[in-house]
Amino acid sequence: MSIPNKIALVLGGGGLKGFAHVGVLRALEERGVRPAVIAGTSIGAMIAAAHAGGMGTNEMSERASSLRRRDLFKINHLGMLLEQTRSPSFYLAEPLREMCVDVIPPGTFDDMKGRLLVNTVDIERGTQVVWGLPGLRDVPVVDAVYASCALPGAFPPGWVGGRSCVDGGTVDNLPIAIAALGMKAVIAVDVGSSDLTHARDVSSRGFARIYLRAATLMMHTLQQRPLADWRGAPTLLIRPRVGHHGWFGFGHADEVIETGYKAACSALDEIGNALAGLAGVFPRRLVDIEVDVKKCIGCRTCVAMAPRLMRMDAENKAYAVTSPVEWSPAEGDFVHHCPTAAITARMLDGSGTITTVPDEEPTSD
């Protein structure tokens with residue numbers, strides 16, 4: 001394994017599934033990988049800030065394991081009663097802010113030991129604001145991290161440098177392009193939308209469940225195309241399989257951390273010298289694509305999403321122009337979107353199968 005010196009680590013959002021980042025950090029530390037910059041969105045921003053502030057992975061693991069729902073969620077009863085639809089959030093800001101204060105050292109971005117970027121969205125201007133960039137450093141890190149974690153509707157927006165900001169995942173859940181500026185390579189960790197398991201009966205589980213499911217789909221779509229078309233610094237994309245855990249599924253921290261650790265170890269062991277080479281997303285694997293013509297209804301969704309790979313034959317059935325084909329973890333999204341589960345993609349190294357209907361998603365949130 002060859003890792004360049006100037007490397008950016010990007011930690012995506014995803015609620016408590018983001019505890020997988022702690023396992024990734026542990027795997028990087030064991031291999032002596034020290035990022036020159038660490039960027040994060042939502043819980044990724046909180047863990048990035050704690051790490052840049054000097055907190056070790058053992059302490060992070062202990063804190064994650066002891067976290068309980070009451071530590072984070074307190075319903076805004078008074079606001080919902082008096083302001084009703086004008087209330088800024090369902091939950092109070094104080095528990096989340098107290099958590100940020102508890103794990104992040106006081107001071108501005110200039111006071112941090114390492115270079116830190118925190119991704120937010122200015123809700124009034126409708127723009128992405130990444131705190132820690134030049135000209136955006138003279139603000140309290142705690143303020144920026146709270147805002148990055150403020151999922152719209154769940155928590156009130158946070159004020160950062162005179163701006164009203166919310167969760168950066170609203171626009172870019174995995175800010176690779178900004179973090180990669182001036183870097184020779186990137187390690188990106190996607191925990192929020194990578195493993196879109198099949199969630200049954202979503203509509204019967206309440207508005208919160210519907211909202212979080214929609215937010216997951218939105219973030220997945222927003223980040224999928226930039227990743228699939230990425231031509232910047234060589235990027236190792238780590239996607240721990242934590243999709244079966246809910247965004248706010250308490251009591252699974254140890255398992256999620258271990259999943260992140262194993263996913264990072266596997267990716268790092270496989271990457272070889274790819275990060276010292278050409279642009280693109282890695283690791284890359286040979287994939288065999290099959291279409292069940294009996295299931296194919298000729299809707300052409302796969303052709304629209306992957307025009308260079310999929311075609312329609314004379315009988316209006318889809319087929320792969322080339323198979324096997326080499327692709328990265330960021331490719332192959334069209335397989336999931338086939339409405340009749342007619343397409344299957346099998347990793348020829350035996351690492352897994354991509355289909356349109358994976359196992360049902362448990363209701364751990």
Side-chain angles (χ1 to χ4, degrees), residues 12 169 171-174 176-177 188 190 192-205 209-232 235 237 239 241-244 278-362:
V171 169
D172 185 0
N173 198 45
L174 203 63
I176 294 175
D190 173 21
S193 61
S194 61
D195 188 15
L196 282 179
T197 48
H198 186 64
R200 302 181 187 278
D201 300 324
V202 174
S203 60
S204 66
R205 297 177 183 174
R209 179 74 172 184
I210 296 170
Y211 174 78
L212 290 176
R213 179 64 174 176
T216 299
L217 298 174
M218 176 190 69
M219 289 192 301
H220 175 82
T221 302
L222 283 173
Q223 75 182 41
Q224 191 66 24
R225 180 55 62 87
L227 283 170
D229 296 337
W230 178 247
R231 297 295 181 269
T235 297
L237 180 58
R239 283 180 157 171
R241 297 186 64 85
V242 292
H244 58 290
L278 300 175
V281 178
F282 301 92
R284 304 190 69 82
R285 298 188 177 99
L286 280 177
V287 178
D288 181 50
I289 303 170
E290 297 180 358
V291 178
D292 187 335
V293 295
K294 294 181 179 179
K295 292 183 178 180
C296 179
I297 57 176
C299 69
R300 304 185 178 221
T301 298
C302 59
V303 177
M305 296 185 68
R308 289 177 291 184
L309 185 59
M310 303 301 292
R311 295 285 191 277
M312 305 301 293
D313 63 18
E315 297 181 354
N316 200 34
K317 299 292 184 178
Y319 70 94
V321 175
T322 303
S323 184
V325 64
E326 185 183 69
W327 66 24
S328 75
E331 298 174 270
D333 201 43
F334 68 93
V335 176
H336 173 77
H337 283 275
C338 177
T340 58
I343 307 173
T344 301
R346 291 186 174 84
M347 307 294 182
L348 294 184
D349 62 358
S351 61
T353 300
I354 302 172
T355 64
T356 58
V357 187
D359 294 336
E360 180 180 355
E361 181 181 1

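Here, residue 1 is the first one in the sequence, and each next residue gets the next number. Every value quoted in this text rests on a predicted model; they were computed, and no experiment measured them.
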Exercise. Heavy atoms only: give me the nearest V281-S328 pair and the separation to one decimal.
Key: O-CB, 3.2 Å
Practice problem: Working to the nearest 0.5 Å, report the span between CZ of F334 and CG of L309. | Solution: 4.5 Å
Quiz item: So, does T235 use its side chain to make a donor-acceptor pair with the main chain of L237 at under 3.5 Å?
Solution: no
Quiz item: Taking only residues two or more places apart in sequence or in another chain, which ones pass side chain to side chain contact (heavy atoms under 4.5 Å, CB included) with A318?
Solution: V291, C296, C302, M310, M312
Quiz item: So, for A320 and S323, which heavy atoms are closest and what is the spacing to 0.1 Å?
Solution: CB-CB, 4.3 Å
Quiz prompt | All salt bridge (charged side-chain N to carboxylate O under 4.0 Å, His left out) counterparts of R311, not counting sequence neighbours | solution = none
Practice problem: Quick one: which residue pairs count as a salt bridge (Lys or Arg N to Asp or Glu O under 4.0 Å) with a foot in residues 312-326, not counting sequence neighbours? | Solution: R284-E326
Exercise. Heavy atoms only: give me the nearest I289-T322 pair and the separation to one decimal.
Key: CD1-O, 4.4 Å
Self-check item: Pairs where residues 290-308 contributes a residue and the test side chain to side chain donor-acceptor pair (under 3.5 Å) is met, not counting sequence neighbours
Solution: E290-R346, R300-N316
Practice problem: Work out which heavy atom in W230 is nearest to a heavy atom in G280; give both atom names and the distance. | Solution: CD1-O, 3.9 Å
